[in-house]
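Below is one structure; the comments refer to it alone.
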Amino acid sequence: MQKIILTLLFFFIIDIVNAQDNTEKPEIKVNTAFQPGEELIYELKYGVVKGGEAKLTIGLAEVGYGYLFHAKAIAYTTGMVGKFATIYDIYESYFDMTTGYPIKSIRNVTENRYKRYNEELFNRDSNAVYSLKSGRHDVPANCLDLVSAFYFARKFVFDQKFTKNETLSLYTWLNEKLYKVMLRYKKTEIVKTKFGKIECLKFVPVLDENLSMFKKEEDMEAWFSNDGNYVPIKIRVNMPFASVHCDLKSYKNLKNTDGALK
């Protein structure tokens with residue numbers, strides 16, 4: 001059960017910020033949300049028991065005569081939970097510095113005895129993804145991978161005014177499958193954290209009765225800093241047997257340092 005919870009949280013911490021309908025290309029604009037060298041670390045708790053951490057980093061990768069952003073997301077068990085379940089999942093994405101669209105993604109996961117490695121290439125001209133494991137797949141225009149979607153949303157999506165209960169969506173390619181992620185904006189509120197009081201945007205998932213394990217939207221909630229960085233601050237997941245918390249533990253090299261997060 002601990003393995004299920006931690007895996008759920010890892011996907012949610014990244015998926016929850018995917019908030020753009022990708023039927024049209026985004027407006028090209030200067031990136032003001034993040035920069036190379038940024039690092040975000042989150043603590044995962046099952047009730048009061050610490051169960052793991054998730055780490056998000058971004059840098060630059062030299063490719064030919066230019067550069068791509070190289071982002072990496074890692075989730076791993078720790079503490080008491082780590083004694084019963086071993087999870088060490090690594091997701092990587094190489095994406096265009098201007099458009100935010102991925103060129104290559106890597107999935108390298110270890111979950112107890114289960115291991116899987118795969119690489120996928122995105123072709124924008126043919127709207128296809130090429131997987132080392134399963135070959136060619138047709139995808140919607142401007143489809144994103146799991147990790148690049150996190151940064152795409154921070155650059156192109158959150159820098160706008162939302163109306164209450166506004167619904168947002170996009171298509172994300174994960175584990176050789178296409179997922180449509182849908183979110184609902186609830187409100188902007190002040191949240192108390194270890195870093196002080198932070199103004200945050202609050203989102204909940206739009207539930208699909210055929211896919212969701214939750215009975216109501218409030219069973220999963222997420223807050224993101226409304227300071228130009230749009231960093232996930234905390235996530236709450238109410239399960240039938242316990243409440244699961246995911247909180248920002250530490251950070252460094254943020255793009256904007258004139259808000260609550262210095």
Side-chain angles (χ1 to χ4, degrees), residues 2-23 25-26 52 54-58 61 63 68-77 85-96 99-154 156-157 168-183 205-214 220 237:
Q2 290 91 338
K3 172 180 177 290
I4 296 174
I5 295 170
L6 289 170
T7 303
L8 167 67
L9 281 172
F10 172 56
F11 289 133
F12 184 65
I13 195 173
I14 301 174
D15 281 350
I16 194 68
V17 296
N18 299 346
Q20 174 80 7
D21 188 330
N22 276 326
T23 57
K25 292 184 178 180
K55 182 178 181 180
L56 299 168
T57 60
I58 186 167
V63 180
L68 297 173
F69 275 129
H70 176 208
K72 182 182 292 188
I74 305 174
Y76 46 92
T77 48
T86 300
I87 295 176
Y88 197 88
D89 292 355
I90 303 174
Y91 290 80
E92 298 180 69
S93 179
Y94 295 82
F95 57 93
D96 189 278
T99 66
Y101 297 142
I103 307 299
K104 178 181 178 179
S105 67
I106 299 174
R107 179 174 182 244
N108 185 9
V109 302
T110 299
E111 299 174 356
N112 293 327
R113 295 183 179 180
Y114 174 81
K115 297 180 183 293
R116 186 173 180 84
Y117 180 89
N118 194 21
E119 296 184 11
E120 294 171 314
L121 298 177
F122 290 76
N123 188 313
R124 298 296 164 186
D125 295 329
S126 60
N127 291 333
V129 174
Y130 295 86
S131 166
L132 287 180
K133 292 288 187 181
S134 57
R136 186 184 189 278
H137 301 267
D138 293 324
V139 296
N142 309 326
C143 179
L144 301 165
D145 67 57
L146 186 68
V147 180
S148 66
F150 174 78
Y151 296 94
F152 184 93
R154 293 173 65 190
F156 291 110
V157 179
L168 311 164
S169 65
L170 64 67
Y171 288 100
T172 302
W173 183 258
L174 171 64
N175 195 20
E176 300 169 86
K177 293 182 181 180
L178 186 66
Y179 294 90
K180 185 175 183 180
V181 179
M182 300 183 67
L183 302 171
V206 177
L207 300 185
D208 184 328
E209 62 180 8
N210 295 319
L211 300 175
S212 179
M213 62 184 297
F214 303 103
M220 183 180 287
V237 182

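For clarity, every value in this text was computed on a predicted model and none was experimentally measured. For the single chain, residues carry numbers from 1 onward in sequence order.
- With sequence neighbours excluded, the residues satisfying side chain to side chain contact (heavy atoms under 4.5 Å, CB included) with S105 are E120, F122, D145.
- Closest non-hydrogen pair, V147 versus K72, comes out as CG1-N, 4.5 Å.
- By the side chain to side chain donor-acceptor pair (under 3.5 Å) test, S126 pairs with N123, sequence neighbours left out.
- Shown here are the salt bridge (charged side-chain N to carboxylate O under 4.0 Å, His left out) partners of D138, two or more places apart in sequence or in another chain: R136.
- One distance of note links CG of N108 with CZ of R116; it measures 11.5 Å at 0.5 Å rounding.
- Interatomic distance, OG1 of T99 versus CZ of F156, reported as 6.5 Å (0.5 Å rounding).
- The nearest pair of heavy atoms linking S131 to N118 is OG-ND2, 3.0 Å.
- In this structure, the side chain to side chain donor-acceptor pair (under 3.5 Å) partners of N175, at least two apart in sequence or on a different chain, are R107.
- Between R124 atom CZ and D96 atom CG the span is 9.5 Å, to the nearest 0.5 Å.
- In this structure, T86 and T77 approach most closely via the heavy-atom pair CA-OG1, 3.7 Å.
- The nearest pair of heavy atoms linking L144 to G100 is CD2-O, 4.0 Å.
- The line from CD1 of I87 to CD of E111 is 5.5 Å long, rounded to the nearest 0.5 Å.
- Of the possible polar contacts, none joining the S93 side chain to the A71 backbone as a donor-acceptor pair under 3.5 Å is found.
- F95 and F69 have tilted rings, their planes meeting at an angle from 30° to 60° on a 0 to 90° scale.
- Among residues two or more places apart in sequence or in another chain, the ring-ring contact (aromatic ring centres under 6.0 Å, His included) test is passed with Y88 by Y76.
- For L178, the side chain to side chain contact (heavy atoms under 4.5 Å, CB included) partners are P140, C143, Y171, W173, not counting sequence neighbours.
- Between F152 atom CZ and N142 atom CG the span is 7.0 Å, to the nearest 0.5 Å.
- For Y151 against L56, the heavy-atom pair with the smallest separation is OH-CB, 4.0 Å.
- In this structure, the side chain to side chain contact (heavy atoms under 4.5 Å, CB included) partners of Y94, at least two apart in sequence or on a different chain, are A61, L68, H70, E92, K104, I106.
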